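Reviewing the structure listed below.
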Amino acid sequence: MKVLRDRILKDGKCYPGGILKVDKFINHQLDPNLMKQIAIEFIRRFANEKINKILTIEASGIAPAIMMGFLLDLPVVFAKKKKPSTMDNMLSTTVFSFTKQREYNVVISKDYLTPDDHVVFIDDFLAYGNAAKGIIDLCRQGGAEIVGMGFIIEKAFQHGRDVIEREGIRCESLAIVDSLDNCRIKLRDE
């Protein structure tokens, strides 16, 4: 996706430790036009799948997921990182955050993830696959089928794709970063 690749190279910032900061257009300040183009590309890639729900995890996956849900006229559910005091009857798992270097509980109401659901999971980054593992666990608990997982940016050198594909789940990434060595962003050619 050329527009995304160009934007990463123009506005992305690299930090030691394999960190790519894209907060100017994806996960702090948002570019709605780019989000729409991202959603359209995910819709194109998953066009042949039977989907009745978009699933994400708070917070940075919400924008592309809601845009995709809007365009497909489908509900969007996001896994919460803190259990609301009003939530009963929930599914729960533990996820390790690479960015924050800590574990946290992730919850979804059983009312919103059921055996009737055929979901596509959308998120901003695929790194080590920790969030994906948590979502896979939640979907198994709820009996939902994951028809695919889509990521705006994949850091291929952290091998999260392997985690997803070992589970037999389709993985789509719109931009793939092969290296952030020496704080230089090296994107895979499309």
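In this text, all values refer to a predicted model and were calculated from it rather than measured experimentally. Just the heavy atoms: all of them, side chains too, but no hydrogens, waters or symmetry mates, feed the values below.
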Report task. Walk me through it: do Met67 and Ile38 pass the test side chain to side chain contact (heavy atoms under 4.5 Å, CB included)? Result -> CA-CA 9 Å; Met67 186 66 75; Ile38 285 167; over 6 Å; no

Query raised in the report: At their closest point, which heavy atom of Ile54 faces which heavy atom of Leu74, and how far apart are they?
Result: CD1-CD1, 4.3 Å

Report task. Could you tell me whether Asp6 and Lys2 have a side-chain N and a carboxylate O separated by less than 4.0 Å? Result -> yes

Query raised in the report: Looking only at heavy atoms, what is the nearest atom pair of Ser60 and Asp123, with distance?
Result: C-OD1, 4.4 Å

Report task. Determine, using the 4.5 Å side-chain heavy-atom cutoff (strictly less than), whether Val3 and Ile153 are members of one ILVMFWY cluster. Result -> yes

Query - Path from Ile122 to Phe78 over hydrophobic side-chain contacts below 4.5 Å - result: no

**Report entry** pair Arg170-Arg45: side-chain heavy atoms closer than 4.5 Å
**Finding:** yes

Report summary line: dist Asp117:CG -> Ile51:CD1 (nearest 0.5 Å) comes out at 12.0 Å

Report task. State, yes or no, whether a side-chain contact exists between Val76 and Phe70 at a heavy-atom distance under 4.5 Å. Result -> no

Requested in this report: Kindly determine whether Leu55 and Cys139 satisfy side chain to side chain contact (heavy atoms under 4.5 Å, CB included), including the steps that lead there.
Outcome: CA-CA 10 Å; Leu55 182 58; Cys139 286; 3.6 Å; yes

Requested in this report: Look only at the side chain of Lys81 and the backbone of Glu58, and say whether a donor-acceptor pair between them is shorter than 3.5 Å.
Outcome: yes

Query raised in the report: Shared ILVMFWY cluster between Val163 and Phe125, side chains joined below 4.5 angstrom?
Result: no

Query raised in the report: CD1 of Ile108 to CE of Met90: how many Å apart, nearest 0.5 Å?
Result: 11.5 Å

Requested in this report: May I ask you to test the Phe157-Val177 pair for a side-chain heavy-atom distance under 4.5 Å?
Outcome: yes

Requested in this report: Could you tell me whether the side chain of Phe151 reaches within less than 4.5 Å of the side chain of Ile164, counting heavy atoms only?
Outcome: yes

**Report entry** Lys/Arg cation over aromatic Tyr112: Lys53, 6.0 Å, 45° cone
**Finding:** no

Query raised in the report: Do Gln141 and Asp137 have side-chain N/O donor and acceptor atoms under 3.5 Å apart?
Result: yes

Requested in this report: For the pair Asn52 (side chain) and His118 (backbone), establish whether a donor and an acceptor sit closer than 3.5 Å, ignoring hydrogens and angles.
Outcome: yes

Report task. Would you give the length of the straight line joining atom CG of Leu34 to atom CD1 of Ile152, rounded to the nearest 0.5 angstrom? Result -> 7.5 Å

Report summary line: d(Glu165 CD, Cys171 SG) to nearest 0.5 Å is 6.0 Å

Query raised in the report: Between Leu138 and Ala79, which heavy-atom pair has the shortest distance, and what is it?
Result: CD1-CB, 4.3 Å

Table please: side-chain donor-acceptor pairs of residues 11-27 below 3.5 Å, with sequence neighbours left out.
from	atom 1	to	atom 2	distance (Å)
Asp11	OD2	Arg7	NE	2.6
Asn27	OD1	Asp23	N	3.4
Asn27	ND2	Asp124	OD2	3.3

Query raised in the report: Any side-chain heavy atom of Val120 within less than 4.5 Å of one from Glu49?
Result: no

Query raised in the report: So, for Ser173 and Glu154, which heavy atoms are closest and what is the spacing to 0.1 Å?
Result: OG-OE1, 2.7 Å

Query raised in the report: Applying the 4.5 Å side-chain criterion to the ILVMFWY set and letting contacts propagate, would Leu4 and Met68 be lumped into a single cluster?
Result: yes

Query - hydrophobic_cluster_shared for Ile62 and Ile57, side chain cutoff 4.5 Å - result: no

Query raised in the report: Is Thr93 reaching over with its side chain to a backbone N or O of Val106, donor-acceptor style, under 3.5 angstrom?
Result: no

Query - Side chain proximity check, Asp189 to Arg5, heavy atoms < 4.5 angstrom - result: yes

**Report entry** Non-hydrogen atoms of Arg188 and Ala156 that approach each other most closely
**Finding:** NH2-CB, 3.6 Å

Query raised in the report: Under 4.5 Å between any side-chain heavy atoms of Glu167 and Met149, yes or no?
Result: no

Query raised in the report: With distance as the sole test, does Glu172 use its side chain to make a donor-acceptor pair with the main-chain N or O of Gly148 at under 3.5 Å?
Result: no

Query raised in the report: Roughly how far, to the nearest 0.5 Å, is the CG atom of Leu91 from the CG atom of Asp111?
Result: 9.5 Å

**Report entry** Interatomic distance, Leu126 atom CG to Arg161 atom CZ [nearest 0.5 angstrom]
**Finding:** 7.0 Å

**Report entry** Minimum heavy-atom distance Asn105-Thr94, with the two atoms named
**Finding:** OD1-OG1, 3.2 Å

Query raised in the report: Less than 4.5 Å apart, any side-chain heavy atom of Leu113 and any of Val119?
Result: yes

